[in-house]
Amino acid sequence: MFRAALALLTLTTAASAQLQWADPLQEFQRLPEDKFVQTRFAFRNSGSAPVTIKKISTSCGCTTAKLDKKTYAPGESGEIEAKFTFSGRTGPQRKIITVVSDDPAQARTVLDLRVWVNRPLAIKPGLVFWRVGDAGEAKSVQLTAEGQKVGIKSVRSSNPRIKASVETVRPGEAYALVVQPTDTAQKESAELIVHTDYPPDAPRSYTVHARIK
Amino acid sequence: VIARAFRECGILLALALIPAATSGAIQLKWQSSPEALLPGEVRLGTAQMWGDAVQWVDTRAAAKFERGQIPGAVRLSAEQWDELIPSFLEVWDPEKTIVVYGEGGVDDDAHAVAGQLKRELQLDNVWVLKGGWVAWQQK
């Protein structure tokens with residue numbers, strides 16, 4: 001009796017999910033120009049009974065997940081096709097796809113799609129500000145090329161009371177955007193448009209924000 | 001024989017208690033804090049205690065924002081970041097705490113916007129409302 005109970009307990013503990021996922025966490029590095037990442041999450045029904053996928057949901061309207069059919073026989077493989085559209089998103093992005101099935105051992109599986117959308121030019125910080133009445137000293141914004149040479153062609157301020165100029169630290173690699181208000185007597189705002197030479201066929205511009213609050 | 005049966009029963013009971021105790025502990029913990037805060041999240045009650053020192057940021061679609069929003073909220077989304085960031089900066093006050101909210105539930109756009117405010121604009125007093133707009137409506 002004891003041995004039989006122990007064996008039953010061991011079997012229960014060892015029960016595992018029927019759906020086995022090949023790569024439930026996937027990571028990508030992309031440029032904004034790539035616009036989207038499309039990938040497949042492959043799985044196999046390694047159990048002895050059919051499994052039906054009842055629902056797939058994504059954590060963001062920017063991500064879609066498609067499945068060819070719902071029920072998979074023992075030994076049968078399938079895949080979920082996922083597409084994450086950047087739509088202006090930059091930096092680290094994490095999108096979760098939740099799969100709900102009738103697998104008794106694991107009804108809910110979380111698929112993890114991580115994408116780092118790198119801008120060719122890193123801007124730190126994207127906002128400089130002064131409080132009304134501050135000394136109004138110049139502030140510096142670091143412009144750093146990431147992965148390839150990016151030259152700065154020019155910078156233009158939308159407000160003549162907040163001036164901006166570019167200093168070259170290392171050509172094609174690092175620049176300093178120096179921003180200074182003529183005074184801080186009143187609230188002001190300016191958008192500083194940085195024009196680059198990359199990519200050569202359609203050079204990008206970047207915006208740095210300046211405010212006196 | 002009786003002593004042996006009692007001993008085996010005792011061992012079986014002890015073995016059964018291990019998963020039972022683990023499961024019970026997990027369930028009790030889950031019931032006492034059903035909505036655990038993720039890093040960077042704040043509960044509605046806490047945000048309301050901050051009162052006027054909060055700048056609300058709504059990440060939902062424009063149509064939903066137009067139908068209703070937390071008073072004083074400004075709209076900002078990851079999808080329309082470049083387009084909407086100037087209007088956010090118009091109302092932004094460096095002295096205020098920023099609380100970002102989305103629809104609630106499985107919604108990561110609020111976290112994406114909060115992350116972008118911290119990373120790109122280097123604002124440090126930024127939180128995400130636990131439960132989002134749904135939590136506000138249920139208050």
Side-chain angles (χ1 to χ4, degrees), chain A residues 1-6 8-10 12-13 32 57-63 84-98 110 113 115 117 119 122-132 134 141-142 158 187-191 193 204-213, chain B residues 1 4-20 22-23 38 55 59-61 64 76-96 102-124:
Chain A
M1 179 183 76
F2 177 70
R3 286 194 185 93
L6 197 61
L8 186 65
L9 189 71
T10 308
T12 309
T13 311
S57 58
T58 63
S59 60
C60 173
C62 56
T63 307
F84 161 47
T85 304
F86 307 155
S87 303
R89 292 173 175 80
T90 58
Q93 305 289 328
R94 186 182 183 198
K95 304 302 163 193
I96 299 296
I97 299 159
T98 306
V110 170
L113 177 59
V115 184
V117 187
R119 296 209 292 189
I123 299 173
K124 287 185 179 176
L127 167 70
V128 287
F129 73 96
W130 299 260
R131 288 179 173 83
V132 171
D134 275 358
V141 176
Q142 292 178 315
S158 65
K187 291 184 177 182
E188 298 279 358
S189 68
E191 264 58 63
I193 312 299
R204 285 191 63 160
S205 295
Y206 298 82
T207 303
V208 176
H209 308 277
R211 295 290 185 274
I212 300 171
K213 284 285 185 177
Chain B
V1 174
R4 189 183 166 199
F6 270 110
R7 195 170 60 244
E8 288 182 354
C9 280
I11 293 169
L12 279 173
L13 196 62
L15 281 169
L17 270 174
I18 296 168
T22 308
S23 170
L38 295 172
Q55 173 60 58
T59 66
R60 297 173 303 148
K64 289 185 175 178
L76 183 60
S77 74
E79 281 190 6
Q80 295 174 285
W81 180 263
D82 290 339
E83 182 186 334
L84 296 175
I85 199 70
S87 56
F88 162 76
L89 289 173
E90 282 309 304
V91 301
W92 170 69
D93 180 339
E95 310 302 328
K96 286 190 175 182
E103 188 62 37
V106 185
D107 171 80
D108 65 3
D109 224 26
H111 280 279
V113 166
Q116 217 158 337
L117 287 169
K118 291 179 188 174
R119 199 174 52 254
E120 293 194 12
L121 303 190
Q122 297 196 350
L123 304 179
D124 51 10

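In what follows, chains carry the letters A, B, and so on, assigned in the order in which the sequence lines appear, proteins first and then strands, with residues in each chain numbered from 1. Both backbone and side-chain heavy atoms feed into the values below; hydrogens, waters and symmetry mates do not.
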Contacts of A:Tyr206 that satisfy ring-ring contact (aromatic ring centres under 6.0 Å, His included) - sequence neighbours left out: none
Per-residue contact mode, A:Thr90 against chain B (heavy atom under 4.5 angstrom): both
Under 4.5 Å from a heavy atom of chain B, the part of A:Arg211 involved: side chain
Contact check, side chains of B:Asp93 and A:Lys213, non-hydrogen atoms, under 4.5 Å: no
Test side-chain hydrogen bond (donor to acceptor under 3.5 Å, both in side chains) applied to B:Glu79 - qualifying residues, sequence neighbours left out: none
For the student: nearest non-hydrogen atoms of A:Gln93 and B:Ala112, plus distance: OE1-CB, 4.4 Å
Top of A:Ser87, A:Gly61, A:Gly126 for chain B proximity - count of heavy-atom pairs under 4.5 angstrom: A:Ser87
Chain A contact via B:Glu83 - side chain, backbone, both or neither, heavy atoms under 4.5 Å: neither
Close side-chain approach of A:Val128 and B:Gln122, heavy atoms under 4.5 Å: no
Contacts of B:Lys96 that satisfy salt bridge (charged side-chain N to carboxylate O under 4.0 Å, His left out) - sequence neighbours left out: none
Electrostatic pair B:Glu95:A:Arg131 at N-O distance under 4.0 angstrom: yes
Close side-chain approach of A:Leu127 and B:Leu123, heavy atoms under 4.5 Å: yes
From CH2 (B:Trp92) to NE2 (A:His209), nearest 0.5 Å: 11.5 Å
Distance in Å, A:Cys62 SG paired with B:Asp109 CG, rounded so as to fall on 0.5 Å steps: 6.5 Å
Residues from residues 114-121 of chain B approaching chain A under 4.5 Å (heavy atoms): B:Gln116, B:Arg119, B:Glu120, B:Leu121
Option that, when pairs with chain B are counted at under 4.5 Å, heavy atom only, ranks first among A:Ser189, A:Pro92, A:Gly91: A:Pro92
